Amino acid sequence: MRTDRDPPPVRFWKPLILWALHDGTYRFGELKRHVSGVSEKMLIQQLRELEADGVVHREVYREVPPRVEYSLTELGQALNTALLPLGEWGDTYMRQILANKSKEPTA
């Protein structure tokens, strides 16, 4: 059984990454700060998968130090449009859900 202290399952991170990229282009560190709780390893893995799926674009700038930016492709923007109602629902009801969880008796 999953507890609140357990990390979210792998499938949980991709929607959060997509939602963060909805705001624009981010460098890796900025994106990691926007996706609270994700490990560096997991973020790298998920970004690679999203890039392979054609949902995320990875732009590498040949500078010293190297700079990498992530953004949504057209496909990623279309997917985020489909996720928009779910994100708005979460924004509206997250406080209520968290309040309800804090009222639950501990086992």
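When reading the values below, keep in mind they use all heavy atoms of this one structure, side chains included, and skip hydrogens, waters and symmetry mates. Worth saying up front: this structure is predicted, and the values here are computed from it rather than measured.
Atom CG in Leu31 sits 5.0 Å away from atom CG in Leu21 (nearest 0.5 Å). The distance from the CG atom of Asp23 to the CD atom of Glu30 is 11.5 Å, given to the nearest 0.5 Å. Separating the CG atom in Leu75 from the CG atom in Leu79 is a distance of 7.0 Å, to the nearest 0.5 Å.
When all heavy atoms are compared, the tightest approach of Ala99 to Ser102 is O-OG, 2.7 Å. Here the shortest heavy-atom pairing between His34 and Ala20 reads CB-CB, 3.9 Å. Between Val38 and Lys32, the closest heavy-atom pair is O-NZ, 3.2 Å.
A chain of hydrophobic side-chain contacts below 4.5 Å, direct or via other Ile, Leu, Val, Met, Phe, Trp or Tyr residues, connects Tyr26 to Leu43. A single hydrophobic cluster is not seen to contain both Tyr61 and Leu47; linkage of ILVMFWY side chains at heavy-atom distances under 4.5 Å, directly or through other members, places them apart. There is a path of hydrophobic side-chain contacts, each under 4.5 Å, that joins Leu83 to Val35. Grouping the Ile, Leu, Val, Met, Phe, Trp and Tyr side chains by contacts below 4.5 angstrom, directly or via other members, places Leu16 with Leu18.
Using a 4.0 Å cut-off between charged nitrogen and carboxylate oxygen, Arg58 and Glu69 do not count as a salt-bridge pair.
Residues Phe28 and Val68 fail the side-chain proximity criterion, which asks for heavy atoms closer than 4.5 Å. Contact check for Thr73 versus Val56: no side-chain heavy atoms found under the 4.5 Å cut-off. Two residues are said to be in side-chain contact when any heavy atoms from C-beta on lie closer than 4.5 Å; Leu50 and Lys14 meet this criterion.
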| request: Take His57 and Tyr70 through the test ring pair (Phe, Tyr, Trp, His ring centres under 6.0 Å) and record every step on the way to the result. | output: CA-CA 6 Å; His57 172 71; Tyr70 296 91; 9.0 Å; no
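Trp89 and Tyr93 have tilted rings, their planes meeting at an angle from 30° to 60° on a 0 to 90° scale.
Of the options Glu40, Met42, Lys41, a side chain to side chain contact (heavy atoms under 4.5 Å, CB included) to Ile44 is made by Glu40 and by none of the others.
Applying the 6.0 Å contact sphere to CZ of Arg48 captures no more than 12 heavy atoms from other residues, nucleotides or ligands. Applying the 6.0 Å contact sphere to CD of Glu74 captures no more than 12 heavy atoms from other residues, nucleotides or ligands.
For the pair Thr25 (side chain) and Ser71 (backbone), a donor-acceptor distance under 3.5 Å is absent.
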